[in-house]
Novice: 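Okay, handing you the structure first.
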Number of protein chains: 2
Amino acid sequence: METGGAPKHEWVRQVLERELSDGRFPPARPLPPSRRLAERFEVSRTTIDTALQQLVARGQLVSRPRRGFFPVAVTVAEPADDRTAPDRVLWADHLVVRPDPWIDRAVQVPDYQSYPFPFLPGQPEHGSFPVRAWLRAAARAFDGDQGGRATLDAGDGDDAGLCRAIVEEVLLPRGIAARPDEVLITNGAQQALTLIARTLIGAGTRVGMENPGYVDAARIFRNAGAELSLLPVGRQGVRLSDRPDFSLLYLTPSHQHPTNVTMPASRRQAIVDAASAHDLIVIEDDFDSEIRFRGEPQPPLRALDGSGRVIHVGTFSKVLAPALRLGYVVADAALITQLRHARYLSSKHPSGVEQRTLALFIASGDFARQASRQRAALRAKWEVAAEVLGQDFPWPDQALPSGGAGLWLTGPPGYDTTALLDRARQRGVLFQPGGLFFLDTPAPTNQLRLGLSAIPLDRVRPGVQRLIEVI
Amino acid sequence: METGGAPKHEWVRQVLERELSDGRFPPARPLPPSRRLAERFEVSRTTIDTALQQLVARGQLVSRPRRGFFPVAVTVAEPADDRTAPDRVLWADHLVVRPDPWIDRAVQVPDYQSYPFPFLPGQPEHGSFPVRAWLRAAARAFDGDQGGRATLDAGDGDDAGLCRAIVEEVLLPRGIAARPDEVLITNGAQQALTLIARTLIGAGTRVGMENPGYVDAARIFRNAGAELSLLPVGRQGVRLSDRPDFSLLYLTPSHQHPTNVTMPASRRQAIVDAASAHDLIVIEDDFDSEIRFRGEPQPPLRALDGSGRVIHVGTFSKVLAPALRLGYVVADAALITQLRHARYLSSKHPSGVEQRTLALFIASGDFARQASRQRAALRAKWEVAAEVLGQDFPWPDQALPSGGAGLWLTGPPGYDTTALLDRARQRGVLFQPGGLFFLDTPAPTNQLRLGLSAIPLDRVRPGVQRLIEVI
């Protein structure tokens with residue numbers, strides 16, 4: 001018989017286990033003798049005996065001397081979804097909120113890899129994850145005292161080594177001086193934003209946001225009760241009016257999401273000064289500052305601010321992998337304490353094992369190496385894309401960004417990039433219509449985002465050319 | 001000096017490490033010579049040297065030839081919180097909620113391992129994590145197509161292999177028939193409870209809870225606006241009145257938290273029937289059903305219910321490690337969809353890498369092996385504790401549970417177990433005063449919980465004897 005490569009006793013065990021839990025054996029009677037079972041499964045009696053002993057060890061069978069093996073009486077579930085049951089629960093009567101469903105803004109993620117030209121952001125290129133270096137760190141994560149602690153319930157605490165590694169190897173090079181108690185590890189930037197929202201946003205809190213902007217952040221803030229003030233994104237990012245009508249401001253200054261505009265230092269300073277003058281809190285989402293390939297790095301808002309009002313959010317999703325769900329918040333210790341309490345109630349703490357692995361991955365220098373590898377890979381794609389666009393692109397005067405994982409392109413007024421996507425898709429090209437990122441309606445229809453993270457380098461040139469043909 | 005069984009150099013190293021990070025040694029000067037340290041700690045110079053070398057290896061000290069050991073200068077951030085800045089943010093003006101701080105109910109977790117007799121639950125015994133098998137699964141987590149997907153942003157999705165493994169290898173053996181779309185993976189049971197609360201609890205929703213009960217669950221529900229109806233725990237668990245005044249009921253039927261009472265099947269059926277009659281939703285927190293060592297397994301409420309109103313919550317914290325933060329919810333697909341939306345906004349999804357690792361760990365049979373190992377280890381401790389308590393315990397008539405990770409002991413009326421803990425602690429014994437688990441005041445003072453998960457087997461007998469002496 002086909003056992004799928006597993007040892008035969010394992011297969012026998014699984015089949016019997018399923019049959020036991022399906023109630024195929026009457027509870028008060030012994031199982032058929034192992035000789036009979038051996039015939040049925042076409043295996044040796046030793047194999048049967050091994051499987052039976054495993055079922056005893058798992059508490060599925062009891063062995064009674066001279067009588068044989070008996071099923072442990074487990075009540076088998078009636079189908080939980082007998083939808084005709086008269087007392088069937090009606091969830092609509094019980095739900096107090098229905099969170100918005102997730103909308104897949106990356107367009108067709110489930111099968112994007114089957115398209116030859118997936119110009120999508122957010123997803124890493126196949127094979128870009130540093131598997132070997134990560135497993136090397138993982139293998140050391142359980143060593144020694146700190147490794148022992150990595151398996152414990154840490155309450156509301158974090159891996160001290162990871163906080164230190166972030167302070168020294170990630171934040172200091174960015175120009176941010178932070179103490180370990182000013183750092184909170186989160187399940188990705190998403191949890192960071194949720195915790196901030198839960199702590200600082202109540203019904204009617206006004207939040208300033210870039211438009212177009214980061215839709216998930218807008219949903220998280222609205223979900224917490226916020227009303228949004230939308231700020232148009234210019235070539236230097238947003239500008240604040242003399243009298244901002246909001247108390248909280250969410251910004252992506254490194255590479256504005258989704259336009260990739262980098263906010264220059266002078267504008268940053270102006271924002272920090274205005275925040276101070278109007279007692280605003282600023283959330284700086286620094287999601288891909290590592291991915292910069294032109295010009296000088298601009299100082300993070302957190303580094304310009306002496307008043308403690310900038311909350312800096314970072315993530316390992318772009319350099320490593322979004323699936324790890326590891327990010328962090330840098331803020332005043334007083335706020336970090338509140339966020340830590342909120343995090344405890346939400347999920348206690350991010351995996352201690354993953355935190356420890358990441359700490360070792362950073363400390364070994366592997367993180368810095370991976371960041372330059374990712375930067376080089378994206379720069380190469382960006383240069384190819386920029387070159388093709390510079391030569392043949394029918395829409396003139398595109399502003400090219402100083403970094404980030406994509407290009408934001410603007411067509412003639414009235415052009416419809418959603419209709420363009422329908423045509424491009426049939427020719428194997430995926431991109432994101434710009435309208436997806438506007439937080440109000442009607443959204444402009446003439447923009448598109450050409451993401452460069454998922455597509456392999458050698459597909460960039462033919463992909464952009466194909467897109468030009470379709471346009 | 002009493003080092004709690006750990007090697008002396010380990011203890012010296014820990015003390016010095018703490019002092020170093022507290023800044024007790026000036027950074028530019030050598031540590032006291034090892035002769036002086038040996039006197040101070042009352043240990044040999046060899047022990048001191050071993051500890052110092054470990055601190056060098058950990059990057060806490062540098063050794064300079066002929067000059068001695070120096071503290072490593074850790075870059076201390078310039079205070080980002082120059083509290084004299086005129087525009088200094090006042091967080092009190094901005095916080096909309098202040099979540100309750102976490103209270104360490106395990107008593108002194110940070111250094112519990114330095115006590116010879118830590119009768120604490122929740123934390124795994126040192127060395128019990130199956131490091132080798134886990135790393136074997138981790139090494140395979142990136143293989144093939146599914147491995148490639150493990151690094152991607154999964155949106156609101158889960159690892160399909162893990163859902164299947166839970167359905168087949170965890171739920172079916174418990175008697176629960178579930179489809180994969182009735183399973184949601186969560187960052188531990190904590191996130192499961194938070195998502196359920198966010199979806200089903202609004203201001204004023206009444207929730208029935210066992211008293212004494214799971215304090216974190218109570219906090220999560222109250223945080224979402226719930227008012228609690230407290231149900232006393234009898235020898236068969238809670239009993240519902242003819243007219244329950246709540247719409248949601250939270251229960252821990254396998255081993256009631258914290259008393260370890262197992263609810264018998266007849267009582268379970270009565271609860272399910274009453275829930276159906278009164279249209280209640282029941283949250284069944286099945287946090288350690290694997291840890292059973294007496295009597296027949298009782299059917300989960302989810303398996304008894306045909307109406308879909310039981311939400312079953314499980315966790316891998318007890319069998320594997322709480323640090324992994326991996327748990328799951330089993331419920332009607334309609335509710336799972338809502339919880340999935342709420343989870344996306346909170347944290348997108350639990351780590352794809354960890355999900356994939358766990359899926360392979362379960363599929364290989366390692367999870368079942370680990371579960372029987374943990375069960376055997378706890379049973380052995382339980383038997384020793386029960387034996388000593390049966391012979392010499394001054395409080396008669398203790399009800400012994402059928403499983404679970406601890407014993408709930410009741411002293412004479414008016415006895416004060418908090419005062420007892422003060423005395424026991426000085427003799428190296430930790431336990432939890434029962435009053436910590438009551439959800440109302442005044443809490444009874446005469447109970448205690450003797451946790452068996454963290455303490456090694458060979459310490460159980462002397463530890464219980466020591467406790468009896470102190471009593």
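So you know, we letter chains A, B, ... as the sequences are listed, proteins then strands, and number each from 1.
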Novice: As a quick check of understanding, evaluate side chain to side chain donor-acceptor pair (under 3.5 Å) for His94(B) and Asp279(A), giving each step before the final call.
Specialist: CA-CA 10 Å; His94(B) 292 277; Asp279(A) 193 20; 3.2 Å; yes
Novice: Count the heavy atoms of every other residue, nucleotide or ligand shown that sit under 6.0 Å from NE2 of His278(A), and state whether that count exceeds 12.
Specialist: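 It does: His278(A) NE2 has more than 12 such atoms within range.
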Novice: Return the option, out of Val353(B), Val310(B), Leu95(B), Leu326(B), with the maximum number of heavy-atom pairs under 4.5 Å with chain A.
Specialist: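 Looking at each of Val353(B), Val310(B), Leu95(B), Leu326(B) in turn, Leu95(B) comes out on top.
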Novice: Which residue is it: Thr186(B), Thr194(B), Asn187(B)? I am looking for the one with a side-chain contact (heavy atoms from CB on, under 4.5 Å) to Ser347(A).
Specialist: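 That would be Asn187(B).
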Novice: So which residue, Gly148(B), Gly188(B), Ala368(B), Ser372(B), ends up with the most heavy-atom pairs under 4.5 Å with chain A?
Specialist: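 Max contact count across the listed options: Ala368(B).
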Novice: Out of Ala334(B), Ala275(B), Pro124(B), return the one with the most heavy atom pairs under 4.5 angstrom to chain A.
Specialist: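 It is Pro124(B).
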Novice: If you count heavy-atom pairs under 4.5 Å with chain B, which of Gly157(A), Gly127(A), Ala139(A) comes out on top?
Specialist: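 It is Ala139(A).
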Novice: Look up atom CZ in Phe129(A) and atom CG in Leu324(A), then write down how far apart they are to the nearest 0.5 Å.
Specialist: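 Rounded to the nearest 0.5 Å, the CZ-CG separation comes to 5.0 Å.
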Novice: Out of curiosity, Leu135(B) CG to Arg140(A) CZ, how far, rounded to the nearest 0.5 Å?
Specialist: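 Output value for this atom pair is 12.5 Å.
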Novice: Determine the option with the most heavy-atom pairs under 4.5 angstrom with chain A, choosing from Ala189(B), Ser128(B), Ala178(B), Gly155(B).
Specialist: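 Most pairs with chain A among the choices: Gly155(B).
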Novice: Under 4.5 Å, counting heavy-atom pairs only, tell me which of Arg356(B), Gln338(B), Arg340(B), Gln191(B) racks up the most with chain A.
Specialist: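 Ranked by heavy-atom pairs under 4.5 Å with chain A, first place is Gln338(B).
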Novice: Side-chain donor-acceptor pair under 3.5 Å between Ser346(A) and Arg198(A), yes or no?
Specialist: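 Present: a donor and an acceptor within the cut-off.
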Novice: If I measure from the heavy atoms of chain B, does Pro180(A) come under 4.5 Å with its side chain, its backbone, both, or neither?
Specialist: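 Pro180(A) has no heavy atom closer than 4.5 Å to chain B.
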Novice: So does Glu354(B) get a backbone contact from the side chain of Ser351(B), meaning a donor-acceptor N/O pair under 3.5 Å?
Specialist: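 Looks like yes, one N/O pair under 3.5 Å.
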Novice: With a 4.5 angstrom heavy-atom cut-off, which part of Gln355(B) approaches chain A: side chain, backbone, both or neither?
Specialist: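 Looking at Gln355(B), nothing touches chain A.
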Novice: Sort out for me which of Ile201(B), Leu320(B), Ile281(B), Ile220(B) touches chain A most, counting heavy-atom pairs under 4.5 Å.
Specialist: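 Heavy-atom pair counts peak at Ile281(B).
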Novice: Give, as side chain, backbone, both or neither, the part of Leu200(B) having an atom under 4.5 angstrom from any heavy atom of chain A.
Specialist: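 For Leu200(B), the contact with chain A is made by backbone and side chain together.
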Novice: Let's test your reading of the structure: which of Thr205(A), Leu193(A), Thr337(A), Asp156(A) forms the most heavy-atom pairs below 4.5 Å with chain B?
Specialist: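 Highest number of heavy-atom pairs under 4.5 Å: Asp156(A).
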Novice: With rounding to the nearest 0.5 Å, note down the distance linking NE2 in His341(B) to CG in Asn223(A).
Specialist: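 Interatomic distance, His341(B) NE2 to Asn223(A) CG, rounded to 0.5 Å: 12.5 Å.
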